[in-house]
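Worksheet: one structure, shown below.
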Amino acid sequence: MNRELPIGIFDSGVGGLTVYRALHAALPNEHFVYLGDTARIPYGTKSLATVERYAVENSRFLDTRGIKLLVVACNTASALALPAIRKCVGVDVIGVIEPGANAAVAATTKGRIGVIATEATVQSGAYSKAIARLDKNAQVIETACPLFVSLAEEGWADSDEARSIAAKYLKDIKQSDVDTLVLGCTHYPILRSVIQETLGKEVRLIDSGEATALYVVTMLETKDLARRDGGEAAGVARERRLCDDLDHFYVTDAAARFARVAERFLGSAPSSLEAVEIWGQDELCAK
Ligand code: DGL
């Protein structure tokens, strides 16, 4: 496997940029190729069969472009489709559920953990199961917060509307006295301040994207797949910036909107952004 290859990341849309941001911060020498399936978002309200099909198509698309590792940034796809993805690509695949669950179990002191995610992720019970594998006595309460996705994309993360919606969604979690909360959806780190304010500063928030970035650091080292330096020529390190032209972004629709929301989330829009069609990739799945 070639160390120079980029790391592939896919999400149902723009939210996975929070995972890209965490990976970029943890791995400044690496290059990334990101696919946002903006034509088919949301995944969080769809069935297992549909999410699996979309996730396999996205993964095949990135794999055939040449990547050394695939990060499934989308919590819903990670919760529902990892086994299907792993059958269809030739690289290691890391989802965000297990790293998030691990970080939560490490952080909790009372063994009471909240998880907020999309409806499909909550219904799958993927976080509860992953947490139970690590600590069978941990108590987990999960709640879907679908409107957080729109609030983040609209740029209303710090608004009265966000505060009142957060108070409503997080009421049961707050009453159940959790000490740790997993932000189990790509968009939720954008609302981090409002969520923290609603639950109180004593509750530890776990960003599963950040936890995943630490996993990827370890995996690249273990497999000897990390790029050696940031130098593109003659070992001269080039300063990396989020969304610079060393990273490439694909979307399946609405590239202009993706760029606008990326600017809102990250402070800069992708320099290298391309709209593509990816349908039919699953026909290539040989295994
Ligand atoms: N990216 C999705 C996730 O993390 C949220 C948006 C969607 O529903 O597709 O679960």
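Please read all numbers here as calculations on a predicted model, not as lab measurements. Order of appearance sets the numbers: ligands from 1, and atoms from 1 within every ligand.
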N/O of His187 under 3.5 Å from N/O of ligand 1, yes or no? no
Which heavy-atom pair separates Val194 from Ala162 by the least distance, and what is that distance? CG1-O, 3.8 Å
Atoms of ligand 1 close to Cys185 [distance to a heavy atom under 4.0 angstrom, numbered from 1]: 3 (C), 4 (O), 5 (C)
Quick check on contacts: which atoms of ligand 1 are under 4.0 angstrom from a heavy atom of Thr76? 3 (C), 10 (O)
Numbering the atoms of ligand 1 from 1, which are under 4.0 Å from a heavy atom of Ile41? 9 (O)
Return yes or no for this condition: an N or O of Thr186 is under 3.5 Å from an N or O of ligand 1. yes
Assess whether side chain to side chain contact (heavy atoms under 4.5 Å, CB included) is satisfied between Leu214 and Thr218, documenting all intermediate values. CA-CA 6 Å; Leu214 300 180; Thr218 309; 5.6 Å; no
Enumerate the atoms of ligand 1 whose separation from the nearest heavy atom of Gly44 is less than 4.0 angstrom. 7 (C), 8 (O), 9 (O)
Side chains of Glu142 and Ser128: any donor to acceptor distance under 3.5 Å? yes
Would you kindly specify which portion of Asp11 sits under 4.0 Å from ligand 1, judged on non-hydrogen atoms: side chain, backbone, both or neither? side chain
Element-labelled atoms of ligand 1 that are located less than 4.0 Å from some non-hydrogen atom of Ser12: 1 (N), 2 (C), 6 (C), 7 (C), 9 (O)
Suppose I only count heavy atoms of Thr118 and a 4.0 Å limit; which atoms of ligand 1 are within that range? 5 (C), 8 (O), 10 (O)
Full working for ring-ring contact (aromatic ring centres under 6.0 Å, His included) between Phe32 and Phe249: CA-CA 8 Å; Phe32 300 94; Phe249 294 79; 9.1 Å; no
Could you tell me which non-hydrogen atom of Ala107 sits nearest to which non-hydrogen atom of Thr180, and how far apart they are? C-OG1, 3.9 Å
Below 4.0 Å from ligand 1: does a non-hydrogen atom of Cys74 turn up there or not? yes
If we ignore hydrogens and angles and just use 3.5 Å, is the side chain of Asp92 paired with the main-chain N or O of Leu69 as donor and acceptor? no
Ring of Phe258, cation from Arg260 - is the NZ or CZ under 6.0 Å from the centre and inside 45° of the axis? no
So, regarding Asn75 and ligand 1 (criterion: nitrogen or oxygen to nitrogen or oxygen, under 3.5 Å), is there a contact or not? yes
I'd like to know if the side chain of Arg192 reaches the main chain of Tyr188, judged simply by a donor and an acceptor atom lying under 3.5 Å from each other, with no hydrogens or angles considered. no
